[in-house]
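Throughout, numbering of the chain's residues begins at 1 and tracks the sequence. Whatever order the structure lists them in is the order used to number ligands and atoms, beginning at 1. Small disclaimer: the values here were computed from a predicted structure and weren't measured.
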Amino acid sequence: MDSYSIGYANIALVKYWGKKSKNPVLPFNPNLSLRLDNLYSKTKIEKSNSNEDEFYINDEKQNFEEVTKIISFIEKFVPKNREKIKIISYNAVPTAAGLSSSSSGTMALVLACNKYFNLNKTTEQLVQIAKEGSGSSCRSFYKMASWLEDGSVEEIKTNLNLAMLVLVVDENRKKISSRNAMELCVTTSTNFDYWVQKAKEDFVEMKNALAENNFSKIGKITESNALAMHSTTKFANPPFSFLTDDSYNAMEIVKKLRKNDYECYFTMDAGPNVKVLYLKENEENIYREIKKLWTKKIIMCTE
Ligand code: DP6
């Protein structure tokens, strides 16, 4: 029997970038995301054959540090006297490349623990557990979700058929984790306060745009919010950037398509890859045009 639990990646249209509190994990600003059903992780837990806890990602045994990290998270919510376990996980998302593998991985892990340890938690409880593992993962439980400053997670409804593809700039593991990068920006970035203020406004505007089914407005906010998040890295000490020349080329391609009436918008997370937001009904045309301009890999993210 295939007893894997599935967790999905999500990409924020209004980003979570900074923790107002670490315990419990609370964001500085409300944020909102779209789930990418084609980018997922699957995880199952078995009894360990050895006398230690084990953790595998894509058949690769993880080192002591990774095992310690994952075990210290799950020990927050699984029974204390437990037998040693083997966590087996597969990512259909390149790991730690800013393609949100932490959100899909954490969701899958929390669901797998719920199953293996018979925790019988509700979705609302699992969402709250997940956010303590990785903040953004709490949004993966819904197709569209917002995560608010008080920690609550709300499902967001839309009549639009929002879709995404990724222009893959680099699939390798990033040099700086989103967690450390975010922390550096919170503590040192001279425009962090500006970011928080803007993100709060973007969130309100984004909810209005979604209620109005105004795709152009949704897209414009998505782009400007992503750029504002990335600008905090440039004003950090030391300054850094997730984006490379190819990321900027990809953004130019998106702008060019838009000029030619193929409506789409970009967003980027803690890595160089560029995600493109469009309406599902335009997918064929957008894919055809983008393929002419982008010669590297493209990942289609939504069913
Ligand atoms: C740039 O959820 O990975 O993807 O809570 O420290 O695990 P931790 O951070 P994480 O950060 C995601 C940041 C982001 C923006 C977003 O998804 O909202």
Q) Does atom CG of D150 have more than 12 heavy-atom neighbours from other groups under 6.0 Å away? A) yes
Q. Which residues pass the side-chain contact (heavy atoms from CB on, under 4.5 Å) test with D53, sequence neighbours left out?
A. V67, I71, R82, K84, I85
Q: May I ask you to check if ligand 1 and V25 share an N or O to N or O distance below 3.5 Å?
A: no
(Q) Need the ligand 1 atom indices (1-based, order shown) with element for anything under 4.0 Å from a heavy-atom of R179. (A) 6 (O), 7 (O), 8 (P)
Q. If we ignore angles and hydrogens, is there a donor and acceptor under 3.5 Å between the side chains of D246 and N249?
A. yes
Q) Backbone N or O of P272 within a donor-acceptor pair of the S247 side chain at under 3.5 Å? A) yes
Q.
Pairs of nitrogen or oxygen atoms closer than 3.5 Å, one from N10 and one from ligand 1: do any exist?
A. no
Q: Show which atoms of ligand 1 fall inside a sub-4.0 Å distance from at least one heavy-atom site of S178.
A: 3 (O), 10 (P), 11 (O)
(Q) For F141 together with Y8, are the ring centres under 6.0 Å from each other? (A) no
**Q.** contact_flag K131 ligand 1 heavy-atom lt 4.0 Å
**A.** no
Q) Which one of M268, H230, M182 has a non-hydrogen atom at the shortest distance from atom 11 (O) of ligand 1? A) M182
(Q) Minimum distance, heavy atoms only, to atom 17 (O) of ligand 1: which one of K15, R139, E132 is it? (A) R139
(Q) Check this for me: does any side-chain nitrogen of one of K280 and E303 sit under 4.0 Å from a carboxylate oxygen of the other? (A) no
Q: Identify, by atom number and element, the atoms of ligand 1 in contact range of K19, meaning under 4.0 Å from any of its heavy atoms.
A: 5 (O), 6 (O), 8 (P)
**Q.** N or O contact, S136 vs ligand 1, cut-off under 3.5 Å
**A.** yes
Q | Pair listing, ring pair (Phe, Tyr, Trp, His ring centres under 6.0 Å) test, anchored in residues 43-81, at least two apart | A | F73-F77
Q: With heavy atoms of S102 as the reference, note each atom of ligand 1 found under 4.0 Å away.
A: 3 (O)
